[in-house]
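Right, one structure below, let's go through it.
Below, chain A is the first sequence line, B the second, and so on; all start at residue 1.
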Amino acid sequence: MRTHSGPIAEGSKPTLSMKEQRERLPIAQGRDALIREIRENDVTVLVGETGSEIPQYLLEAGIAGDGMIAVTQPRKVAATSLATRVATEQGVALGSLVGYSVRFDEASSSSTRIKYVTDGMLVRELLSDEALSKYSVIIIDEAHERTLRTDLLLANLKTIQKKRNGDPEGSRSSRTGKEKARVERRNPLKVVIMSATLDAEKFSKYYGNAKVFQADYVDSAMRTFFQIHIDQTPGDVLIFLPGQEDIENLEKTIQLFAKRLPAQTPGVAIYPMYAALPPSQQSAIFLPAPHGMRKCILATNIAETSITIPGIKYVIDTGKCKEKRYLSRDSGTGFDTLLTKDITQSSAMQRAGRAGREGPGFCFRLFTEDAYHSMPLSAEPEIRRVTLTSSLLQLKCLGQDLETLEFIDKPDPDSIASALSTLYLLGALDDTKSLTPLGRQMAHFPLEPSYARALLASFSHSCPSDVISLLSVLSTSSKLYVDTTSNREEAAESRRKFRAGSGDHVTLLNVLRAYEEVKEQVKGKERKEWCKAQFLNERCLNEALEIRSQLRGVCERFQLDWRDSVGEQKQGGDEAILQSMLAGLVNQAAFLQADGSYKQIMGPETIKIHPSSSLCDKKVPAIIYDELVYTSHIYARGVSAISRSALQELAVFRRRET
DNA sequence: GAGCACTGC
């Protein structure tokens, strides 16, 4: 196993529109932060970047002033080919704005601002100009290779910076103060060290704890991929990314750049992989890539443990993942967060181990060794991360308690308070925190307590059959709607016919009703076609039907007749179903505010309706929702409109709470 | 204007 990172050695096919293209790519996103970092620091250590983009950024941002930017490379061929590539990207002739200088070969002129040189060449220049005064920025690429000439250069640059930039700690006060310091800084030198991950800290310490800048991980994943693609032997590549959005972005950029590779370079076959991907596309990753192409899989941590993809030779690990975590409120109105975080050490090892199961393998980690050591060893136990409502109800049935039971890791007191509050609101616990008969009955259903409560409430609204069907769909483990960003519009359009005015809950019910009709009328293959045409996951629908018969079975055991249904009566029917749901979703309700956002009825948060909801952009006085997830905003998902009269029923709960 | 992965009943 080897960890390293470096430049894309070969250039792309000359295309004048490339610069334009590049600017429209997501690559440009991390750029501003990077510029700021270099502007503010005399020395910057850059991790996971390569020497082709940075000098162009710096020049465009005016950081080089009137001086030149030198980019050093350990090898001549890299210096010349990078210069060629960058000149092409800038749309200029080689040797004008962008040039190079290596032994026996030079392409530069008085107008040259970015010059690619071998490190040996720059060492030689020291002999004629000790301060390297014509350069205002020197970028040391491939610093981790630690060639003798690079090390010589690094030592000299330290001295040169003291002379040209002034010594921040030492001599400034002993001289004539401010004026002298200003004079000294007239031609300051910026040093940018591009290094592979593991060595970054060493360079930083050498330069008095210089700032280490971690490049954007999607961007560096792309660069690392092309470096492998161009420099390394054939073999499949697996890239770990946190989520669907990053995967889709990276897929686009790789595809764009792959098109511009020289004709002799093999093509790239990209396979995205994440749980929400339609099953047919998921299975594609197990097929061999088309002849002569390199297979590149972009995956979430689904490829870390759940699935094993054979034949992976190279792994690129961004070191990031998404983590779902419950943020408790003792009122029970907390919400889930779904944010990008650093992975754990065990996860990093697991990811590295995905390479080379059938032969030698390589892992390229886009994080430093220090970063690795500051990662937690392993994931925090679930008891610390998730809502405990369901477990608390079960413990209560066993005569036990979250507060008194001795756990390996104690649950968070807020989380316990949140669970207690929710169960009390649902009527599962009384005001002495004791289990009620209702609570015991709820616990018999294999459902979240809120859904169990909704199920039981449906009997008084004469619609248990409908609510049980709905809850079955809500309880499935897989996703019902299968769509990706590209076909999202089309998928939404084809499912429009299921849409209910009241919102997502009855819409789901309509989908299941429609599937049942189709199931009665047509056979397997046609049924499959039907699901595909509506962008529905048939496995999910069948799972829902299984759950439904289980739930009906539980009802029967308790002599509850589940057959009542609102049937086809539209208006009143929806109302009855949502009234039942409301009984379970008591603290999952919000009301409309003047600015169009919604505010939790029992909690403090302002929330938005998730864009995937049929009620998104619709203004209704009040809503109930299945879940609240904080990503870029606090989004409510699975949303239905509730009436004012329903809202009044909530007021009863609120009074009881106080 | 947008979803990490599991599991159990």
Side-chain angles (χ1 to χ4, degrees), chain A residues 240-249 272-278 282 298-308 318-326 335-344 346-347 350-351 379-383 385-391 393-395 397-398 442-449 451-452 455 471-472 475-489 491-492 504 537 540 543 546-551 553-554 557 596-597 607-618 626-639:
Chain A
F240 282 103
L241 292 145
Q244 180 179 347
E245 192 185 358
D246 288 329
I247 288 174
E248 286 174 353
N249 280 336
M273 182 71 205
Y274 46 88
L277 198 70
Q282 284 195 358
L298 312 181
T300 60
N301 48 10
I302 193 169
E304 193 176 302
T305 47
S306 314
I307 58 159
T308 300
T318 59
K320 304 283 176 189
C321 67
K322 285 203 185 181
E323 189 191 71
K324 200 168 191 171
R325 176 176 282 270
Y326 180 65
F335 53 89
D336 285 318
T337 64
L338 184 58
L339 300 171
T340 301
K341 299 197 69 167
D342 288 338
I343 57 171
T344 62
S346 80
S347 192
Q350 184 72 30
R351 288 177 173 196
E380 210 176 348
E382 217 176 19
I383 199 169
R385 301 196 323 257
V386 303
T387 173
L388 300 170
T389 318
S390 189
S391 305
L393 180 60
Q394 283 179 316
L395 286 178
C397 290
L398 297 171
M442 281 163 61
H444 284 106
F445 289 91
L447 293 168
E448 291 298 312
Y451 288 157
L455 191 154
L471 293 173
S472 303
S475 306
T476 53
S477 53
S478 47
K479 289 213 153 64
L480 177 60
Y481 298 155
V482 285
D483 41 41
T484 55
T485 313
S486 51
N487 65 22
R488 208 172 260 166
E489 297 289 318
D504 302 331
N537 181 359
C540 175
E543 193 191 343
E546 274 184 44
I547 293 172
R548 186 173 70 179
S549 53
Q550 189 192 15
L551 293 178
V554 177
R557 258 199 286 146
S597 66
I607 63 180
K608 287 184 164 185
I609 297 179
H610 194 271
S612 64
S613 169
S614 59
L615 288 184
C616 184
D617 298 327
K618 301 237 171 22
D626 293 324
E627 57 173 354
L628 219 49
V629 181
Y630 175 67
T631 52
S632 54
H633 295 98
I634 304 177
Y635 283 116
R637 288 205 292 221
V639 180

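- When the side-chain nitrogen and oxygen atoms of A/Tyr635 are compared with OP1 and OP2 of B/dA2, one or more of them lie within a distance under 4.0 Å.
- Atom P of nucleotide B/dC6 and atom CD of A/Glu380 are separated by 21 Å, given to the nearest angstrom.
- Between A/Thr318 and A/Phe240, the shortest heavy-atom contact is OG1-O, 2.8 Å.
- Comparing A/His610 and A/Arg385 by the nucleotide of DNA chain B whose heavy atom lies nearest to each, the residue mapping closer to the 5' end is A/His610.
- Of the candidate nucleotides B/dA2, B/dG8, B/dC4, B/dC4 has the atom nearest to the side chain of A/Gln244.
- The side chain of A/Lys322 lies closest to B/dC4, out of B/dT7, B/dC4, B/dC6.
- We find that CZ of A/Arg325 is positioned 19 Å from P of B/dC6, with the value rounded to whole Å.
- A/Ser612 has no side-chain polar atom (N or O) that falls below the 4.0 Å cut-off from OP1 or OP2 of B/dA2.
- The residue A/Phe445 sits apart from the nucleic acid: no heavy atom pair falls under 4.0 Å.
- Looking at A/Glu323, its side chain never comes within 3.5 Å of a backbone N or O of A/Leu339 through a donor-acceptor pair.
- In this structure, A/Ile607 places its CD1 atom 16 Å from P of B/dA2, rounding to the nearest Å.
- When the P atom of B/dG3 is taken as reference, atom NZ of A/Lys479 falls 11 Å away, rounded to whole Å.
- A side-chain N or O of A/Glu304 and one of A/Ser347 form a donor-acceptor pair less than 3.5 Å apart.
- A/Ile547 places its CD1 atom 11 Å from the C1' atom of B/dG8, with the value rounded to the nearest Å.
- The distance between atom CG of A/Asp246 and atom P of B/dC4, rounded to the nearest whole Å, is 9 Å.
- Heavy atoms from other residues, nucleotides or ligands lying under 6.0 Å from OH of A/Tyr630 number 12 at most.
- Rounding to whole angstrom units, CG of residue A/Leu455 and P of B/dC9 are separated by 19 Å.
- Nucleic acid contact for A/Lys341: none, since no nucleic acid atom lies under 4.0 Å from a heavy atom of the residue.
- For A/Thr300, the side-chain atoms get nearest to B/dA5 when compared with the rest of B/dG3, B/dC9, B/dA5.
- Residue contacts for A/Glu323: at a heavy-atom cut-off of 4.0 Å it reaches no nucleic acid atom on any strand shown.
- Counted by atom type alone, A/Glu448 and A/Thr389 present zero donor-acceptor pairs between their side chains at under 3.5 Å.
- Residues A/Leu447 and A/Asp617 both approach DNA chain B. Their nearest nucleotides, taken by heavy-atom distance, put A/Asp617 toward the 5′ side.
- For the pair A/Gln350 CD and B/dC6 P, the computed distance is 14 Å after rounding to whole Å.
- Using a 4.0 Å heavy-atom distance criterion, A/Thr631 is classed as a sugar-phosphate-only contact.
- When the nucleotides B/dC4, B/dC9, B/dC6 are ranked by their closest atom to the side chain of A/Ile302, B/dC6 comes out on top.
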